[in-house]
Protein chains: 2
Amino acid sequence: MATHCNPDRIAAAAAVDEARLWSRLVEFGEIGAIGGGGVCRLALSDEELAARRYIAGWAHSRGHRVFVDAVANLFVRREGTDPAAAPVITGSHIDTQPQGGRFDGAYGVIAGLEALAALDEAAVQTRRPIEVVAWTNEEGVRFTPGAMGSMVFSGALALSDIAGRRGSDGVPLSGALASALAATPQATFRQTVRPIAAYVEAHIEQGPELEAKGIPIGVVEGIQGVRWFDVDVVGSGAHAGTTPLARRRDAFQDALRIVNALNEWTSDPGDVLRFTVGHVEVTPNSRNTVPARARLGIDLRHPDAGVLREKGDRIAAIAAGAARHCEVCVREVFTKAPATFDRQVIDTIETAARLLRIPSLRMPSGAFHDALFLNDLCPTGMIFIPCERGISHDPAENITAAQAAAGARVLAATLVALAD
Amino acid sequence: MATHCNPDRIAAAAAVDEARLWSRLVEFGEIGAIGGGGVCRLALSDEELAARRYIAGWAHSRGHRVFVDAVANLFVRREGTDPAAAPVITGSHIDTQPQGGRFDGAYGVIAGLEALAALDEAAVQTRRPIEVVAWTNEEGVRFTPGAMGSMVFSGALALSDIAGRRGSDGVPLSGALASALAATPQATFRQTVRPIAAYVEAHIEQGPELEAKGIPIGVVEGIQGVRWFDVDVVGSGAHAGTTPLARRRDAFQDALRIVNALNEWTSDPGDVLRFTVGHVEVTPNSRNTVPARARLGIDLRHPDAGVLREKGDRIAAIAAGAARHCEVCVREVFTKAPATFDRQVIDTIETAARLLRIPSLRMPSGAFHDALFLNDLCPTGMIFIPCERGISHDPAENITAAQAAAGARVLAATLVALAD
């Protein structure tokens with residue numbers, strides 16, 4: 001795929017306009033803006049519908065056709081010289097967390113539009129059509145599951161199985177999807193397209209590595225696997241004043257022993273294995289009552305399927321062994337094997353960065369993305385750009401205009417190569 | 001005080017009727033009964049007002065006068081031969097936890113009424129009047145603070161300072177108190193009485209010691225002191241998938257280090273010091289987010305003021321030293337020094353048990369009671385009876401009829417002695 005002539009890639013990348021891209025990111029971040037520079041643009045909300053109109057309006061003004069499918073994924077299509085060829089797709093999502101930032105998701109969509117504009121201005125013609133997509137409901141805050149649009153598009157999820165659901169605000173998903181379709185009347189309804197030539201998603205890293213190393217581009221090799229465990233510790237409630245420690249079955253103290261043991265078991269000198277206890281629930285959670293129950297929500301991640309299997313499979317036994325007085329029940333509530341992106345797409349991105357003399361680093365993605373599901377459907381890759389202190393899902397989420405432009409340049413050059 | 005002739009004490013104790021006492025405890029437990037043998041009788045609720053009417057009705061039928069004061073403490077008075085003498089008071093509370101049991105509080109009041117009945121039937125005359133009290137709102141669930149009635153009665157709290165408060169259900173305290181006064185129209189309103197000759201409270205142990213040792217009576221020497229601490233651990237939220245452990249400021253992991261260190265610091269081979277972390281709060285408490293904040297609610301108790309001072313005073317320094325990445329803020333939010341009960345009242349209870357050939361054990365109280373505040377006002381003591389597996393504040397709270405009767409017998413003999 002990486003056979004397109006270098007001059008076109010360089011010309012497309014050179015036509016990326018840093019100031020224009022930045023002003024569009026800022027403008028887009030005003031849709032659903034909240035305090036502290038943040039954004040609240042829940043999936044299919046009024047704010048997210050306004051963002052859809054912004055994208056469709058931009059496409060219309062530049063003469064691109066717009067499509068929408070049954071799960072309200074929104075596509076802006078730049079025609080290729082062979083309109084029948086399988087398209088190359090880029091994009092991300094435009095919904096955010098309730099206290100979200102301006103760049104998680106939005107950057108990938110706006111960078112895609114900038115790449116289309118750059119191709120236009122550099123008068124680069126590609127054989128394949130290039131489409132910029134905004135996947136519906138990646139965050140999964142208002143409606144579940146997250147990554148809904150990319151899951152339905154890739155066939156991992158049937159829309160009919162979830163159409164009856166309601167959002168956290170009680171609104172039926174079917175009605176919210178109908179509103180989204182109605183919000184962009186200029187879009188043509190389209191059944192899911194097959195085949196897809198390739199998918200490439202630009203995204204902020206959501207981690208600190210690129211910034212710490214001063215490298216502008218991450219060439220994402222895959223998405224690490226994850227296993228989620230619930231650990232339930234069942235002891236007995238008792239009066240904190242009257243019950244000697246020797247007679248207690250204190251669920252929190254046993255939970256503590258379990259986490260101490262799991263910290264040791266998951267300790268990784270290379271700091272690749274990610275073990276997190278992010279959720280802790282103590283019952284009855286009253287200061288002067290010995291905890292009767294405790295629940296720990298564990299998140300375990302590693303890019304290597306073998307390590308993830310070995311470390312995860314022993315969690316139940318280690319937890320049971322560490323508890324001294326309580327019963328322990330460990331359930332695995334979610335698992336997703338590591339994803340490895342397509343070697344040719346990875347090479348194409350890396351080559352584009354090298355051609356543009358932008359330093360890059362191969363790395364795994366610690367977070368999920370829509371690309372995880374596209375990877376099951378077509379050759380897929382991702383481009384990371386640094387973000388300030390690795391912060392995301394927070395109004396403090398931030399990038400610089402230069403970082404945004406570097407990512408869009410590599411994206412534009414990659415798209416030219418992939419669409420040849 | 002313990003000079004009353006033995007025959008009267010023995011006659012009063014012998015007149016305690018186990019079957020009558022038990023049937024009254026069962027009947028009383030039906031007022032506000034919930035599933036599993038439990039009771040929900042929140043302070044000044046409809047159920048608690050019904051319990052007041054039950055007590056006032058009983059008193060009326062036996063010819064005793066009933067009094068009520070401004071904070072709705074309810075008194076049943078058995079006259080002495082010298083009506084002007086300072087009364088001896090016994091009793092406890094009739095409110096419960098939302099998922100409470102039948103005996104915590106209620107036992108002390110019903111055992112007091114049984115003692116009055118026994119004195120009547122044994123035709124024992126005492127010089128001092130004896131009053132059975134139901135203190136208002138000991139549990140502090142619906143209205144704060146707990147032990148409201150005994151605090152106001154003893155002068156530890158001014159009713160005017162809290163009259164403007166509302167309950168957890170929004171009902172003004174002043175209105176709820178007015179309803180309670182109206183619920184017992186046969187009661188005479190009375191200003192707080194002074195002086196009080198003595199106060200003795202019968203109560204279930206709420207701990208496992210008496211049952212474990214097979215001893216029917218606990219002679220309570222005092223109430224252990226308590227210090228409450230809030231430990232706030234402030235780190236940074238971060239994505240569980242993308243943030244290497246070396247870059248995290250994980251508030252829960254630091255909270256864990258703090259509890260590990262405090263467990264060591266409070267470790268007591270004699271198992272007298274009570275260290276409990278009953279409250280744990282993690283923010284944002286999302287499985288795939290590194291905890292940004294954690295709060296620990298600590299309860300520390302010991303009967304010796306010096307030990308409590310030494311152990312409590314170092315908690316802030318130990319917590320700060322144990323944290324590796326986060327800021328730690330420790331605040332002491334409540335403290336109550338150990339209370340030592342009156343030696344003569346203790347001796348009177350112990351002598352009564354010996355006279356009745358009922359084994360007894362001197363012990364501290366691990367829990368708070370209304371007696372804690374009466375102790376600042378007059379010679380005070382408590383009689384404990386065993387409860388099943390030490391369980392209280394739970395529908396599973398349980399005692400036997402024989403245990404109830406033994407406590408009432410020692411109470412009756414003690415009252416005879418104190419009222420001489």
Side-chain angles (χ1 to χ4, degrees), chain A residues 205-209 212 223-224 226 228 230 236-248 250 252-253 255-256 259-260 263 267-268 271-282 284-291 294 297-299 301 333 365-368 389-394, chain B residues 99 205-209 212 223-224 226 228 230 236-248 250 252-253 255-256 259-260 263 267-268 271-282 284-291 294 297-299 301 365-368 389-394:
Chain A
E205 180 197 342
Q206 299 185 266
E209 303 260 3
I223 298 184
Q224 66 184 346
V226 64
W228 282 357
D230 276 351
S236 306
H239 194 295
T242 59
T243 316
L245 269 68
R247 293 181 183 277
R248 296 184 180 188
D250 185 325
F252 179 63
Q253 288 287 349
L256 198 87
V259 180
N260 284 335
N263 278 340
S267 157
D268 174 12
D271 207 359
V272 176
L273 187 65
R274 305 271 151 85
F275 170 74
T276 309
V277 182
H279 182 84
V280 182
E281 226 178 294
V282 167
N285 215 23
S286 156
R287 182 199 306 270
N288 52 357
T289 303
V290 174
I298 289 175
D299 179 297
R301 304 196 194 202
V333 291
S365 168
F368 292 166
R389 290 179 289 147
I391 295 170
S392 70
H393 288 190
D394 192 285
Chain B
Q99 291 277 321
E205 181 197 342
Q206 300 185 267
E209 303 260 1
I223 297 184
Q224 65 184 344
V226 64
W228 283 357
D230 275 352
S236 306
H239 195 295
T242 59
T243 316
L245 269 68
R247 292 181 183 277
R248 296 185 179 187
D250 185 325
F252 179 63
Q253 289 287 346
L256 198 87
V259 180
N260 284 334
N263 278 339
S267 158
D268 174 11
D271 207 359
V272 176
L273 187 65
R274 305 271 151 86
F275 170 73
T276 308
V277 182
H279 182 84
V280 182
E281 226 178 294
V282 167
N285 214 22
S286 156
R287 182 198 306 271
N288 52 357
T289 303
V290 175
I298 288 175
D299 179 297
R301 305 196 192 200
S365 168
F368 291 167
R389 290 179 290 146
I391 295 170
S392 70
H393 287 192
D394 192 284

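As the structure is a prediction and not an experimental result, all values here were calculated from the model. All chains are named by letter (A, B, ...) in the order of the sequence lines, taking the proteins before the strands, and each is independently numbered beginning at 1.
In plain terms, the two heavy atoms of F275(A) and L245(B) that are nearest each other are N-CD1, 4.0 Å. Taking every heavy atom of both residues into account, V280(A) and V280(B) meet most closely at CG1-CG1, 4.2 Å. Across A367(B) and I223(B), no two heavy atoms sit closer than the pair O-CG2, 3.4 Å.
The pair R247(A)-D271(B) does not meet the salt-bridge criterion, since no charged nitrogen lies less than 4.0 angstrom from a carboxylate oxygen.
Ranked by heavy-atom pairs shorter than 4.5 Å toward chain B, the options V290(A), V282(A), V277(A) are led by V277(A). The candidate from A246(A), A240(A), S392(A), P244(A) with the greatest count of non-hydrogen atom pairs under 4.5 Å with chain B is P244(A). Among G278(B), G297(B), G366(B), the residue with the largest count of heavy-atom pairs under 4.5 Å with chain A is G278(B). The choice from V272(B), D250(B), V226(B), N263(B) that makes the most heavy-atom pairs within less than 4.5 Å of chain A is N263(B). Among the candidates I391(B), T243(B), T276(B), the residue making the largest number of heavy-atom pairs closer than 4.5 Å to chain A is T276(B). Note: H239(B) leads E209(B), H239(B), Q224(B) in heavy-atom pairs under 4.5 Å with chain A.
Cation-pi check for R301(A) over F368(A) is met; the charged atom lies under 6.0 angstrom from the ring centroid and within 45 degrees of its normal.
With a 4.5 angstrom heavy-atom cutoff, Q206(B) touches chain A via backbone and side-chain atoms both. For chain B, the nearby part of E205(A) is the backbone; its heavy atoms alone come within less than 4.5 Å. Only the backbone of I298(A) comes within contact range of chain B, with heavy atoms under 4.5 Å apart. At a 4.5 Å heavy-atom cutoff, A238(A) makes no contact with chain B through either its backbone or its side chain. Proximity to chain B (any heavy atom under 4.5 Å) is restricted, for R248(A), to the side chain, taken from C-beta onward.
With H279(A) contributing its side chain and S286(B) its backbone, the two residues share no donor-acceptor pair below 3.5 Å.
Counting only heavy atoms from C-beta outward, the side chains of D230(B) and R287(A) approach each other to under 4.5 Å.
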message: Let's go through Q253(B) and V259(A) carefully: what are the C-alpha distance in whole Å and the side-chain angles of both, what is the deciding distance for side-chain contact (heavy atoms from CB on, under 4.5 Å) to 0.1 Å, and is it a yes or a no?
response: CA-CA 9 Å; Q253(B) 289 287 346; V259(A) 180; 3.9 Å; yes

